[in-house]
Amino acid sequence: MKPAYYVTTPIYYVNDVPHIGHAYTTLAADVLARYKRLKGFEVFFLTGTDEHGQKVEKAANTAGETPLELADRVMKRFQALWEKLEISYTDFIRTTQERHKKGVSDFFAKVMEKGDIYLGEYEDWYCTPCETFWTETQLIDFKCPDCNRPTEKLKEESYFFRMSKYQDQLLAHIEANPDFIQPKSRRNEIISFVKEGLRDLSVSRTTFKWGIPVPGNENHVIYVWFDALTNYITALGYPDEGGNFEKFWPVDVHLIGKDILRFHTVYWPTFLMAAGLPVPKKVFAHGWWTVEGQKMSKSLQNVVEPNMLIDKYGVDAVRYFLLREVPFGLDGDFSHAALVNRINSDLANDLGNLLNRSTAMLNKYFGGELQTPGAETPIDRAYREKTEAMIQQVDQHLDDLSFSKALQSIWEVISAGNKYIDETAPWALAKDPAQKERLATVMYHLLESQRIVYFLLSAFMPKTSQKGLCYLGVTEEASAEGLKWGLLKPGTKIAKAEALFPRIEAEG
Ligand code: ME8
């Protein structure tokens, strides 16, 4: 039986249209999913949309639609973008689906039966954009400490979750499991937060209707974060604890942005503890993208539309750039100049050129037919060993979610390939008939190293990987078994490659 691997993205609010921030998280999850599939795992990759709550209700009112009409319209935009970005998700959950509503209702009832949800009264300051309550002391000039927007005072009857009860258990869990919250800086942030003391959490609302009713009390709807977080198990069929739930829970990694860390590392695990279910193995919070040095916002009209980027630069260039440019976990800045620079130097010059040069030489010197290699010299051996080491490095970096380092390891081998050509000077060997076997060895090393490079790239740039492998005459799919040296067969016909990534002239 294949080992199981479960990776999730946040479910995105439907009051906003998708931008590069959403594309970033989803893309990172896709690379993990593709890589784990390649390594022989059975992967469940979940994404979806968060469709309940006051924020969505307000947006629908403004747009003159029902919340469901808004959700139907916007979720299609997410799905269309994921298709265009080649996202290989297993399931797309919408919180308005029956399977989800039933699961949330059961989950809520279960925690209530355990005595960890009780009815009380709430009076506090509410930030609608963040869907978060704040105490007066947490406010800054009566504004939300997270987003700096005005808050409003709300008093309502509310169900509360006894989060305070789980403070010690949560802290002990975080301390005993250094991998649970990553990166480390985020883990420290949450440890301090929990040590300050957890208050019970309001988990229902009476001031609007757009949500899942509290079981047994239709005047209340379940708090949107309680509803949303539960998607990670309802998509697996919860409350049925067999089948996919048994196979995939607890999740291997929840990928999120740093903005929603507390919900995933404090609220969600304590809900699960109360329900007697295992907590996630890992929550990884990545950094935040700004655009040309500024915060992305509708009012600044600088929201970067992934659709537009893909149309302009191609899907794989966008996929490469987003994961290569910024170490996962840190904040980054998006600029067209940086993207064009990466395309020209890494993709056109390094990757494309290597394939182009080496396939052109094989065609010129051997009519495009791969020859049996002769004995290795130290320079060949070093190049082969560097290629073999890359396989381990990429594996380790992807385990650490260091996408950018994984790509760096691959690009070191690509650069080594270009250098290997310069140093072995095949054009000189071709002039001397006595060097024919030596030339065959050089060509074999160049093309076999690239076969492995394109196998690994299948997780990052699926189309480019396919194209590269097609030029190399490889017909089988990238697989873990193929990640070893020496599988490219002498006799293979190799076509002369076109430019994979044409250079882009800077806009004047
Ligand atoms: O928070 N840079 O949904 P959301 C990087 N529905 N990533 C960004 C980003 C940026 N500038 N902007 C957004 C919600 N993101 C809830 C989640 S989960 C149970 C419920 C990404 O539509 C990042 O992953 O506001 C962030 O966590 C997510 O979009 C927030 O999406």
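All ligand and atom numbering here is 1-based and tracks the order in the structure.
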Considering the heavy atoms of Asp50, write down every atom of ligand 1 situated less than 4.0 Å from one of them. 6 (N), 16 (C), 20 (C)

Relative to ligand 1, is His264 under 4.0 angstrom through side chain, backbone, both or neither, heavy atoms considered? side chain

In this structure, is the centre-to-centre distance between the rings of Phe460 and Tyr320 below 6.0 Å? no

Can you list the ligand 1 atoms lying under 4.0 Å from a non-hydrogen atom of His19? 9 (C), 12 (N), 13 (C)

Candidates Asp259, Val303, Ile256; heavy atom nearest atom 27 (O) of ligand 1 found on Asp259

Compute the centroid of each ring, for Tyr24 and then for Trp288, and state whether the two points are separated by less than 6.0 Å. no

for atom 29 (O) of ligand 1, nearest protein heavy atom and its distance come out as His22 CD2, 3.4 Å

Looking only at non-hydrogen atoms, which of Tyr267, Phe334, Tyr232 approaches atom 19 (C) of ligand 1 most closely? Tyr232

protein heavy-atom neighbour closest to atom 31 (O) of ligand 1 works out as Tyr12 CD2, 3.5 Å

Taking N or O atoms only and a 3.5 Å limit, does Ile260 qualify as a polar contact for ligand 1? no

Can we say Glu113 and Lys110 salt-bridge, meaning some charged N sits less than 4.0 Å from an Asp/Glu carboxylate O? no

If you scan protein heavy atoms around atom 25 (O) of ligand 1, the nearest is Tyr13 CD1, 3.5 Å

Do Leu201 and Trp225 come close enough that some side-chain heavy atom pair is under 4.5 Å? no

Less than 3.5 Å between some nitrogen or oxygen of Trp225 and one of ligand 1, yes or no? no

Go through it in stages, so that I can follow the logic: the residues are Tyr35 and Asp395, the test is side chain to side chain contact (heavy atoms under 4.5 Å, CB included), and I'd like the CA-CA distance, side-chain angles, deciding distance and then a yes or no. CA-CA 9 Å; Tyr35 184 72; Asp395 199 62; 2.5 Å; yes

Which is it for Gln54 and Tyr126 under the side chain to side chain contact (heavy atoms under 4.5 Å, CB included) test, yes or no, and what are the steps along the way? CA-CA 11 Å; Gln54 196 167 12; Tyr126 196 62; 3.5 Å; yes

Considering the heavy atoms of Trp289, write down every atom of ligand 1 situated less than 4.0 Å from one of them. 2 (N), 5 (C), 10 (C), 11 (N)

Answer yes when Glu42 and Lys247 have at least one side-chain N-carboxylate O distance shorter than 4.0 Å, and no when they do not. yes

re atom 24 (O) of ligand 1, the protein heavy-atom contact at minimum distance is Thr25 OG1, 2.7 Å

Aromatic contact, Tyr166 with Phe271 (centres under 6.0 Å): no

So, 4.0 Å and heavy atoms of Ile11: is ligand 1 close enough to count as a contact? yes

Say whether Asn231, considering both its backbone and side-chain N or O atoms, lies within less than 3.5 Å of an N or O atom on ligand 1. no

Report yes if Gly257 has an N/O atom closer than 3.5 Å to an N/O atom of ligand 1; otherwise report no. yes

So which of Thr9, Asp91, Thr8 actually passes side chain to side chain donor-acceptor pair (under 3.5 Å) with Thr47? Thr9

Within 4.0 Å of some non-hydrogen atom of Gly287, the atoms of ligand 1 are 5 (C)

Any side-chain heavy-atom pair of Tyr159 and His220 under 4.5 Å: yes

With a cut-off of 4.0 Å, which atoms of ligand 1 are near a heavy atom of Ala228? 19 (C)

For ligand 1, which atoms sit closer than 4.0 Å to a heavy atom of Met296? 11 (N)

